[in-house]
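Reading through the C-alpha cells given below for one structure.
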Amino acid sequence: MVARSKALAAALALFVASPALAQECGGDFTDWKSAMHSEAEAAGVGAKGLAALDQAEIDPKVLQRDRAQGVFSQTFAEFSGRMISDYRLKHGAANLKKYADVFARAEQEYGVPGPVIAAFWALETDFGAVQGDFHTLSALVTLSHDCRRPDLFRRQIVPLLTLIDRGVLPADVKGAWAGEVGQTQILPIDYLNNGVDGDGDGIVDLRNSVPDVIMTTARKIHSRGWKTGEPWLQEVRVPDQMPWEETGRTNKLSISQLNAWGVTDRDGKPLRDNGLKAAVILPMGHKGPAFIGYDNYDFYLQWNQSIVYTLTAAHLAARLAGEPPFEGRSPQEGLMGDAMKQLQQKLHDKGYDVGGIDGVLGTNTREAIRQEQIRLGLPVDGWPTPELLAKL
C-alpha cells in the first residue's frame, strides 16, 4: 500500500509539473478541441477532416453508456445464453454458406477460419442489421475529452479524421457509442490500417460491403497474431480434484499434463495431444463449465477485455464450426450485485487492485480472488462465492 501511495504521489507530481499532460483531457472544451485541431492538422489532416472536427460536440449519452456497462456483471452462462441465440446460429450458418468463397479467400490470405469471423459479425451487429446510431466523431471526442480513459480514444481521432478527409467515411458517420463503425465494429485505426477492398470496387466500405467486412475483419485478427491452422477453444471436463492453482488463462500447460490430471474432452475421452499448450478456463468456478484455451484464444481479449464476452465469442465461433452447446454442469452459487461489490471492497481494503468497486467480475477481481483462495486453502478458480466472502 505504501509503495502504491508513493507511486501515485509521483504521478500526481508529474501531472502538475507538466502542462502538456494537463491538456490531454478535461478543461475547457473549446480550448481542448482547438489543441486537437492543431494536432490533426500537424498530422496531415486536410480541410474536410478539420471541418468535421470543428462540428464535433460532447455527447452526454456516450458518457452514460460508458458508465453503465452492467451487461458484463452477468455470469458467462447468462450472457452467452442471451447472446448465442437461435437467430445468430441460423443466420451465421446461412452467411457462411452464402459467402463461402469470400470466407475461403479470407482464410487463405489471413489464416482466420470463417466461423471466427462470422461470430464477431453476429455479436457486434447481427450481421450488419444494428450498426449503432451514435455520431462517431462526437463519441470519440467525448471519450477523449473525458478523463476516465482518454488514452484509449484520443489516438482514434486522427485516423477517423483521415478517413473523413479522404472521403472513405462521411463526416456524420454513425456507429457504436465507443467509436466503432461498420458491420464488425472496427475502430478507425484498424479501418485505416487493415481495411481491405474485398469486392474490388476501389472503396473499403465496412458499413455496406460484406466482402470488405469479411476480408478486413480477417486481416485485423491476423494482425493481432492469430496462428494459422491452430484451434482457439475446446470444451472439456475437469475432475473433482486437480491442482486448481495451475488453472487460468495465462497458465499454459501441455496436453499430456492435462491428461495426466484427468482433464478430458466433453465426451470423457482423453484429450488429443496436438503438440500445443492450452490453459484451463473456468468462467464459473471449478464446478461450472470448463474449457481449454489455446494461444489463439488470447486474441479475443484484444478484441474485448470482458471475459464473458470473449468466451462467448469464442464459443459461438465453435458452435458455428459445428460444436454442440457447452455443458452448464453445477457451478457453486456466485456473488452478484451488492454482495459482489462487498467482496471487491474487502479485496480493495487488503491492497488488491480490483479495477473499481463496480460489481463486475473482471480480470483484476478474478486474480485477487485467486490469491485469496490460495491463502485460505480454497480451490483456486477465481470464482466469487459466499464462502469466500465470509472468510475474508
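One is the number of the first residue; the rest follow in order along the sequence.
- Considering all non-hydrogen atoms of both residues, Ile164 and Pro170 come closest at CG1-O, 3.8 Å.
- In this pair, Phe120 and Phe299 present their aromatic rings perpendicular. The plane angle is above 60°, beyond the 30 to 60° band.
- For the pair Trp226 (side chain) and Gly111 (backbone), a donor-acceptor distance under 3.5 Å is present.
- Using a 4.0 Å cut-off between charged side-chain N and carboxylate O, Asp295 and Lys252 make a salt bridge.
- Partners of Tyr297 under the ring pair (Phe, Tyr, Trp, His ring centres under 6.0 Å) rule, at least two apart in sequence or in another chain, are Tyr300.
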Exercise. Could you please spell out the steps behind the salt bridge (charged side-chain N to carboxylate O under 4.0 Å, His left out) verdict for Arg237 and Glu327?
Key: CA-CA 9 Å; Arg237 292 182 183 178; Glu327 294 181 356; 3.5 Å; yes

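- The ring pair (Phe, Tyr, Trp, His ring centres under 6.0 Å) check on Trp383 picks up nothing, with sequence neighbours excluded.
- More than 12 non-hydrogen atoms from other residues, nucleotides or ligands lie less than 6.0 angstrom from CD of Gln345.
- With Asp298 as the fixed residue, the salt bridge (Lys or Arg N to Asp or Glu O under 4.0 Å) test singles out one of Lys227, Arg224, Arg249: Arg249.
- Under the 4.5 Å side-chain criterion, counting only non-hydrogen atoms from C-beta, Asp146 is in contact with Arg67.
- Around the CG atom of Asp86, the shell of radius 6.0 Å holds no more than 12 heavy atoms that belong to other residues, nucleotides or ligands.
- Checked by atom type and distance alone, the side chain of Asp31 never pairs as donor or acceptor with a backbone atom of Ala35 at under 3.5 Å.
- Across every non-hydrogen atom of Pro384 and Leu361, the tightest pair is CD-CD2, 3.6 Å.
- Side-chain atoms of Arg329 come within 3.5 Å of backbone N or O of His286 as a donor-acceptor pair.
- Looking at Asn194, its side chain never comes within 3.5 Å of a backbone N or O of Lys220 through a donor-acceptor pair.
- Qualifying salt bridge (charged side-chain N to carboxylate O under 4.0 Å, His left out) partners for Asp126, counting only residues two or more places apart in sequence or in other chains: Arg88.
- Looking at Lys61 and Asp133, no side-chain N of the basic residue comes within less than 4.0 Å of a carboxylate O on the acidic one, giving no salt bridge.
- Within 6.0 Å of NZ on Lys287 lie no more than 12 heavy atoms contributed by other residues, nucleotides or ligands.
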Practice problem: Take Gln371 and Glu367, measure what side chain to side chain contact (heavy atoms under 4.5 Å, CB included) needs, and give me the verdict at the end. | Solution: CA-CA 6 Å; Gln371 293 304 313; Glu367 183 55 34; 2.8 Å; yes

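- Linking ILVMFWY side-chain heavy atoms closer than 4.5 Å, directly or via other members, places Leu389 and Leu378 in a single hydrophobic cluster.
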Quiz item: Passes side chain to side chain contact (heavy atoms under 4.5 Å, CB included), Arg166 versus Leu192? Steps please.
Solution: CA-CA 11 Å; Arg166 295 177 181 176; Leu192 189 64; 3.5 Å; yes

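- In this structure, the separation between CD1 on Ile357 and CG on Leu343 is 9.0 Å, given to the nearest 0.5 Å.
- Of all heavy-atom pairs between Ala368 and Val354, the closest is CB-CG1, 4.2 Å.
- Counted within 6.0 Å of CG on Asp240, heavy atoms from surrounding residues, nucleotides or ligands total 12 or fewer; the atom is thus considered open.
- The shortest heavy-atom contact between Leu89 and Arg319 is CD1-NH2, 3.4 Å.
- Residues Ile307 and Tyr294 are members of separate hydrophobic clusters, defined by side-chain heavy-atom contacts under 4.5 angstrom among Ile, Leu, Val, Met, Phe, Trp and Tyr.
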Quiz prompt | Working for side chain to side chain donor-acceptor pair (under 3.5 Å), residues Asp338 and Gln342 | solution = CA-CA 6 Å; Asp338 289 341; Gln342 185 181 357; over 6 Å; no

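- Panel note: side chain Thr125, backbone Gln131; no donor-acceptor pair is recorded below 3.5 Å.
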Quiz item: Lys346 and Glu372: salt bridge (charged side-chain N to carboxylate O under 4.0 Å, His left out), yes or no, with the steps?
Solution: CA-CA 11 Å; Lys346 287 193 174 188; Glu372 284 301 293; over 6 Å; no

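- For Phe291 and Phe76, the ring centers are positioned less than 6.0 Å apart.
- Considering every non-hydrogen atom in both Trp303 and Ile221, the closest pair reads CZ3-CG1, 4.3 Å.
- At a threshold of 4.5 Å between non-hydrogen side-chain atoms, the residues Val141 and Met36 do not count as touching.
- Here Glu323 does not pair with Arg266 in a salt bridge; the nearest charged N to carboxylate O distance is not below 4.0 Å.
- Hydrophobic clustering, with ILVMFWY side chains joined whenever heavy atoms are under 4.5 angstrom apart, groups Val116 together with Ile84.
- At most 12 non-hydrogen atoms from other residues, nucleotides or ligands lie less than 6.0 angstrom from NZ of Lys174.
- Across all non-hydrogen atoms, the minimal contact from Asp265 to Pro270 is OD2-O, 4.4 Å.
- One N or O on the side chain of Asp212 and one on the backbone of Asp199 form a donor-acceptor pair closer than 3.5 Å.
- Classification of the Trp121-Phe127 ring pair by plane angle, with boundaries at 30° and 60°, yields perpendicular.
- Under the 3.5 Å distance criterion, the side-chain polar atoms of His145 are matched with a main-chain donor or acceptor of Gly27.
- Although no hydrogens or angles enter the test, the distance criterion places no donor-acceptor pair under 3.5 Å between the side chain of Arg148 and the main chain of Leu63.
- Looking at Leu233, Leu271, Ile281 one by one, the single match for side-chain contact (heavy atoms from CB on, under 4.5 Å) with Ile292 turns out to be Leu271.
- Looking at Asp165, its side chain does come within 3.5 Å of a backbone N or O of Gly46 through a donor-acceptor pair.
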Practice problem: Apply side chain to side chain contact (heavy atoms under 4.5 Å, CB included) to Asp59 and Trp177, showing your working. | Solution: CA-CA 10 Å; Asp59 186 347; Trp177 66 265; over 6 Å; no

Quiz prompt | side chain to side chain contact (heavy atoms under 4.5 Å, CB included) between Glu109 and Val196, intermediate numbers included | solution = CA-CA 12 Å; Glu109 293 188 23; Val196 179; 5.8 Å; no

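- Side-chain atoms of Asp273 never come within 3.5 Å of backbone atoms of Ile255 as a donor-acceptor pair (strictly under, hydrogens ignored).
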